[in-house]
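Here is the structure we will look at.
Hydrogens, waters and symmetry mates play no part in the numbers below; they use all other heavy atoms, side chains included. Residue numbers begin at 1 in each chain, while the letters A, B, ... track the order of the sequences.
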There are 2 protein chains.
Amino acid sequence: MEQQQDPGQARARVLIVDDDPTVAEIVSGYLDRAGYDVDHAGDGPDALARAAAHRPDLVVLDLMLPGMDGLEVCRRIRGRGPVPVIMLTARGDEDDRILGLEVGADDYVTKPFSPRELVLRVESVLRRARPAPPSAAVLRAAGLAVDPVARRAHKNGTELALTIREFDLLAFFLRHPGRAFTREELMHQVWGWDFGDLSTVTVHVRRLRGKIEDDPARPRLIQTVWGVGYRFDTADTHGTGTPDATPPDARTADARASDAGEG
Amino acid sequence: MEQQQDPGQARARVLIVDDDPTVAEIVSGYLDRAGYDVDHAGDGPDALARAAAHRPDLVVLDLMLPGMDGLEVCRRIRGRGPVPVIMLTARGDEDDRILGLEVGADDYVTKPFSPRELVLRVESVLRRARPAPPSAAVLRAAGLAVDPVARRAHKNGTELALTIREFDLLAFFLRHPGRAFTREELMHQVWGWDFGDLSTVTVHVRRLRGKIEDDPARPRLIQTVWGVGYRFDTADTHGTGTPDATPPDARTADARASDAGEG
DNA sequence: GCGCCGACGTCCGCGTTCCGTAAGGAGCCG
DNA sequence: CGGCTCCTTACGGAACGCGGACGTCGGCGC
């Protein structure tokens with residue numbers, strides 16, 4: 001069964017381009033019942049006009065069109081913007097598939113096809129084309145954005161060139177803002193070591209400061225807690241003398257495994 | 001999907017639904033000689049029962065049935081699973097054809113038909129139904145277009161001559177843009193190995209770079225993540241806005257089979 | 001059968017990057 | 001002022017990535 005779309009969400013517009021009225025009608029019925037806003041064009045020029053007027057979210061395009069070549073239509077439609085295209089080709093016509101691939105089709109369905117399958121393809125392509133919604137995996141604070149999955153860090157939109165240790169250290173700080181850590185703790189959490197020269201931590205904090213602080217000589221983000229260690233301060237966790245200011249982040253102990261990457 | 005008749009494999013099961021015994025017998029004979037395991041039902045309820053019991057790989061369904069409508073039978077059978085259906089319709093009855101397609105038939109044969117033709121259709125539908133598990137779309141990014149089904153890759157319209165490993169590697173990268181992978185992960189996901197010389201990955205990345213990068217010495221698409229591995233970057237996954245284009249979908253064990261192709 | 005060729009995995013040398021440590025100087029506190 | 005802590009810089013070595021090249025295996029044509 002096809003699933004309905006979210007009520008409240010605008011229905012996705014689908015443009016069907018086919019010169020056979022019966023095929024178009026069947027497909028329209030299926031897509032309509034599946035919750036799409038369907039438009040139909042019978043030939044190439046009509047397709048281009050409707051595509052320009054209605055700005056569909058997806059185009060189902062028959063390759064065999066009277067007048068204008070389906071490939072040409074595809075090319076022109078995609079020339080205006082990144083609209084996903086599903087192409088209907090004759091059964092087993094390998095050449096058409098290849099051409100469709102080159103011209104910019106995102107998927108193809110061979111005729112005769114089951115309307116059910118077409119609906120599935122439409123859903124699949126649209127799902128794939130949807131821009132990724134706010135990825136929750138990105139850590140943000142004080143103009144910094146750290147993506148542990150991509151292993152990228154940005155400061156005010158420009159990318160930072162961080163080494164592994166610097167990246168892991170910054171990611172750890174971002175996960176635990178406003179809290180002071182001793183060098184031993186950092187060495188344990190970020191390095192995974194329970195012993196070693198603690199000046200290693202000092203040096204890496206210094207290097208990280210040099211890359212993320214506006215004035216490394218007078219650091220704002222990574223504060224030195226005299227006699228203790230370091231604390232990452234964001235702009236919003238400022239001024240509150242909170243002794244136990246656990247951020248909304250519910251992350252507790254043993255964050256090492258996820259914070260410091262590999263063991 | 002089910003298996004086709006390979007030597008050693010079980011024969012494909014075909015269920016014939018027709019109220020005319022002579023027709024059913026003739027068709028059964030042909031299909032049996034063609035190597036299929038044939039079952040027969042004379043009316044709608046019988047068809048549903050046998051379909052449930054024997055789980056056929058394909059159903060040949062006469063539209064004109066006593067008792068229950070053929071369309072209703074088709075609808076119910078397909079409601080249980082994605083079974084291919086070939087429909088037998090009266091000659092020139094356009095409405096039946098349309099209805100058949102609407103209900104989800106994969107092909108149709110008009111009566112009177114030659115049993116030989118029906119066998120060909122059966123083979124065709126089974127062949128088509130098997131190796132086309134739904135998601136067989138085209139991957140696109142940064143001027144690249146990769147068709148996993150056709151095993152073709154294009155860059156800016158010109159075809160790339162990729163080896164098997166290079167193709168699988170590129171397809172995997174295109175499926176997970178903007179995400180960093182270690183060599184171990186790539187070896188596992190693309191090669192399917194859990195051990196082995198990781199320099200193999202390095203070498204293949206280099207060879208792939210030589211074919212898809214404008215300046216392989218200064219790669220833009222496949223970025224090296226120092227100390228970690230590699231990351232495929234598209235033009236649009238650049239900057240703070242959308243650092244992660246990969247939806248947090250189910251990334252399970254079966255991802256390998258679909259990612260690396262079926263070899 | 002024989003030789004050619006492409007694909008693949010492995011190995012080695014080189015240049016680069018990064019890391020941990022050491023040492024000297026400055027800052028903070030009693 | 002003395003002791004301790006922290007900052008800064010420098011350096012050697014290890015780790016890493018890259019490019020080039022080699023040996024093997026299988027397919028294909030002769």
Just verifying a value: how many Å separate A/Leu61 CG and A/Ile77 CD1, rounded to the nearest 0.5 Å? 6.0 Å
Tell me: CD of B/Glu213 to P of D/dG19, nearest whole Å? 11 Å
Rounded to whole angstroms, how far apart are NZ on A/Lys211 and C1' on C/dC19? 12 Å
Any heavy-atom pair between the side chains of A/Val59 and A/Ile86 that's under 4.5 Å? no
Are B/Phe173 and B/Leu186 close enough that some pair of their side-chain heavy atoms sits under 4.5 Å apart? yes
Under a plain distance cut-off of 3.5 Å, with no hydrogens placed, do B/Tyr230 and B/Arg183 share a side-chain donor-acceptor pair? yes
Interatomic distance where NE2 belongs to A/His204 and P belongs to D/dA10 [whole Å]: 17 Å
For D/dT8, take OP1 and OP2 only and decide whether either is under 4.0 Å from a side-chain N or O of A/Arg209. no
Quick one: pull up NE2 in B/His54 and CG in B/Asp57 and give me the separation to the nearest 0.5 Å. 12.5 Å
What contact category does A/Gly227 fall into here, base, sugar-phosphate, or nothing, at under 4.0 angstrom with non-hydrogen atoms? sugar-phosphate
Which residue lies more 5' along DNA chain D, comparing A/Arg183 with B/Val205 via nearest heavy atoms: A/Arg183
Assuming nearest nucleotide by heavy-atom distance, tell me which of A/Tyr230 and A/Arg207 is located more 5' along DNA chain D. A/Tyr230
If the cut-off is 4.0 Å, is B/Arg206 near the phosphate of D/dG20, judged by side-chain N/O to OP1 or OP2? no
Using a cut-off of 4.0 Å on non-hydrogen atoms, how would the nucleic acid contact of A/Thr200 be classed: base, sugar-phosphate, or nothing? base
Using a cut-off of less than 4.0 Å, is there contact between a side-chain N or O of A/Trp193 and OP1 or OP2 of C/dG20? no
Nearest whole angstrom, please: distance from the C1' of D/dC7 to the CG of A/Leu198. 15 Å
Counting primed atoms plus P, OP1 and OP2 as sugar-phosphate and everything else as base, spell out the protein contacts along nucleotides 22-30 of chain C at 4.0 Å heavy-atom distance: B, S or - for each nucleotide, 5' to 3'. B----BS--
Provide, to the nearest angstrom, the distance between the CG atom belonging to B/Leu162 and the C1' atom belonging to C/dC8. 15 Å
In whole angstrom, what separates A/Leu169's CG from C/dG20's C1'? 15 Å
Starting at atom CG of A/Leu186, determine the distance to atom C1' of C/dC19, rounded to an integer number of angstrom. 17 Å
Assert: residue with more 5' nearest nucleotide on DNA chain C, out of B/Thr163 and A/Thr163, is B/Thr163
Is the shortest heavy-atom distance from the side chain of A/Asp168 to the side chain of A/Arg151 under 4.5 Å? yes
Once you round to the nearest 0.5 Å, how far does CH2 of B/Trp193 lie from CE of B/Met187? 5.0 Å
Starting at atom CZ of B/Arg231, determine the distance to atom C1' of D/dG17, rounded to an integer number of angstrom. 16 Å
